[in-house]
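Reviewing the structure listed below.
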Amino acid sequence: MSPLTHCPADTLVVLDFETTGLSPNQGDRAIEIGAVKLHRGEVVDRFSQLMNPGFRVSGFIESYTGITNGMLAGAPGCGEVMAAFADFIDGCNLVAHNASFDQRFLDAELAAIGRDYAGDFVCSMLLARRLYPDAPNHKLGSLVAYRGIRHDGVFHRALADAQMTADLWLAMLADLASGRDMTTPHFALLKKLSRTPKAQLTRVLASLD
DNA sequence: TGCCAGGCCCTCTTTAGGGCCTT
């Protein structure tokens, strides 16, 4: 059976975690997952859920995310939420901003419940560094402003950040498609571009023409 | 008591160091 049997190749999930800190290896856990499922550039589904990590989050995290210990007290545990999320992604390819961060938490939280995923990860930040080298910086909020993407002013909440990342992804796809036949998702191509050394980028982009 | 991430990228590099980005 193909790993993408349940999730077509032209469907991908853009996701974002809010967490208790920076490293699952240091005991940090996820506290919120938000995701937008895109099919041929259109939003077809969303996933948004707080989850209780089993301990109190720091004041910094409460302030940074707006997610309070009170909000988490009534939330389901990480295992229950992540099981549902594993069903949601179900073989889809995945996109996140600074994907190495979200991938670490996805790996850790799914491993904790004996689940896995089959899709491939691409990092929107690495791709943005290639496509927008003149941006002030490559933080998600800065890129959204740089590219003129509309948003609702909510930052550092999982679904809002996932939606902005999805919009940034589609904007980058549109910029790449300018003058090119890019009617298909080209997920593998975008992953290749995001990891192309700077010195080779011009040649790779030229190969698309 | 003090410390505590990790992958990618650039450069004053490659026998390394430091900034960026995520919470």
Side-chain angles (χ1 to χ4, degrees), chain A residues 13-36 47-72 75 78 81-82 85 89 94-112 119-147 149 151 154-169 171-172 190-205:
Chain A
V13 171
V14 186
L15 65 94
D16 183 73
F17 277 105
E18 304 305 317
T19 71
T20 65
L22 293 173
S23 175
N25 288 337
Q26 300 293 317
D28 289 316
R29 300 293 303 271
I31 58 174
E32 187 179 42
I33 178 68
V36 175
F47 189 102
S48 179
Q49 183 63 58
L50 290 170
M51 58 190 113
N52 190 326
F55 55 88
R56 292 181 64 81
V57 303
S58 68
F60 170 79
I61 292 298
E62 285 189 312
S63 175
Y64 187 80
T65 64
I67 299 170
T68 66
N69 282 294
M71 293 163 67
L72 295 173
C78 295
V81 173
M82 292 308 299
F85 189 65
I89 59 178
L94 306 168
V95 172
H97 200 68
N98 197 15
S100 65
F101 173 86
D102 293 279
Q103 186 169 13
R104 283 199 301 276
F105 279 94
L106 182 63
D107 290 350
E109 294 293 353
L110 291 185
D120 199 4
F121 248 111
V122 167
C123 178
S124 57
M125 183 188 73
L126 294 182
L127 186 60
R129 282 178 173 170
R130 297 292 183 268
L131 296 187
Y132 309 131
D134 296 330
N137 58 60
H138 297 89
K139 296 177 183 178
L140 178 59
S142 299
L143 289 165
V144 165
Y146 179 78
R147 191 54 182 71
I149 293 169
H151 59 86
V154 176
F155 292 92
H156 305 308
R157 287 300 301 267
L159 182 59
D161 282 5
Q163 181 65 60
M164 283 189 287
T165 303
D167 290 338
L168 173 64
W169 176 264
M172 291 193 291
L190 293 172
K191 179 164 187 171
K192 178 182 179 182
L193 272 180
S194 75
R195 294 176 178 277
T196 298
K198 191 176 178 181
Q200 300 174 24
L201 190 61
T202 299
R203 181 175 58 79
V204 172
L205 285 170

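Letters A, B, ... are given to chains in the order of the sequence lines, protein chains preceding strands, and every chain is numbered from 1. Side chains are part of it too, since the values below use all heavy atoms of this structure and drop only hydrogens, waters and symmetry mates.
- Picking from B:dC8, B:dG6, B:dT23 the nucleotide with the shortest atom distance to the side chain of A:Phe101 gives B:dT23.
- Summarising the geometry, the separation between CZ on A:Arg157 and C1' on B:dT22 is reported as 17 Å, rounded to the nearest angstrom.
- When ring centroids are compared, A:His97 and A:Phe101 stay outside the 6.0 Å threshold.
- Considering only the side chain of A:Thr19, B:dT23 comes nearest among B:dG6, B:dT23, B:dC21.
- Nearer to the 5' terminus of DNA chain B, by closest-nucleotide assignment, is the contact made by A:Asn25 (compared with the other of A:Phe17 and A:Asn25).
- When the C1' atom is used for both B:dC9 and B:dC4, the distance is 24 Å, rounded to whole Å.
- Ion pairing between a basic and an acidic side chain is recognised when a charged N comes within 4.0 Å of a carboxylate O; A:Arg157 and A:Glu18 show no such pairing.
- The distance between atom CG of A:Leu131 and atom C1' of B:dC9, rounded to the nearest whole Å, is 16 Å.
- Judged purely by atom type and a 3.5 angstrom limit, A:Glu109 uses its side chain to pair as donor or acceptor with the backbone of A:Ala30.
- Take A:Phe17 and apply the ring pair (Phe, Tyr, Trp, His ring centres under 6.0 Å) test, not counting sequence neighbours, and it matches no residue.
- A distance-only check finds no donor-acceptor pair linking the side chain of A:Glu32 to the backbone of A:Ser48 [under 3.5 Å].
- Whole-Å rounding puts the A:Asp107 CG to B:dA5 P distance at 19 Å.
- Comparing B:dC21, B:dT23, B:dG6 by their nearest atom to the side chain of A:His156 picks out B:dT23.
- One can place CZ of A:Phe105 at 19 Å from P of B:dC21, the figure rounded to the nearest angstrom.
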Enumerate the protein-to-nucleotides 16-20 of chain B contacts in which both atoms are nitrogen or oxygen and the separation is below 3.5 Å.
none

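- Across the protein-nucleic acid pair, A:Phe121 atom CZ and B:dG6 atom C1' stand 15 Å apart, rounded to whole Å.
- The CD atom of A:Glu18 sits 5 Å away from the P atom of B:dT23 (whole-angstrom rounding).
- Here B:dC4 is the nucleotide among B:dT23, B:dC21, B:dC4 with the atom lying nearest to any side-chain atom of A:Gln26.
- Residue A:Leu140 is classed as a sugar-phosphate contact, given heavy-atom separations below 4.0 Å to backbone atoms only.
- One interatomic measurement links the two molecules: CG of A:Asp102 to P of B:dG6, which rounds to 16 Å at whole-angstrom precision.
- Legend: residues meeting ring pair (Phe, Tyr, Trp, His ring centres under 6.0 Å) with A:Phe60, ordered by chain and number and at least two apart, are A:Tyr64.
- Taking atom CZ of A:Phe155 as the reference point, atom P of B:dT23 lies 11 Å away to the nearest angstrom.
- B:dC12 sits 15 Å from B:dG19 when the C1' atoms are compared, rounded to a whole Å.
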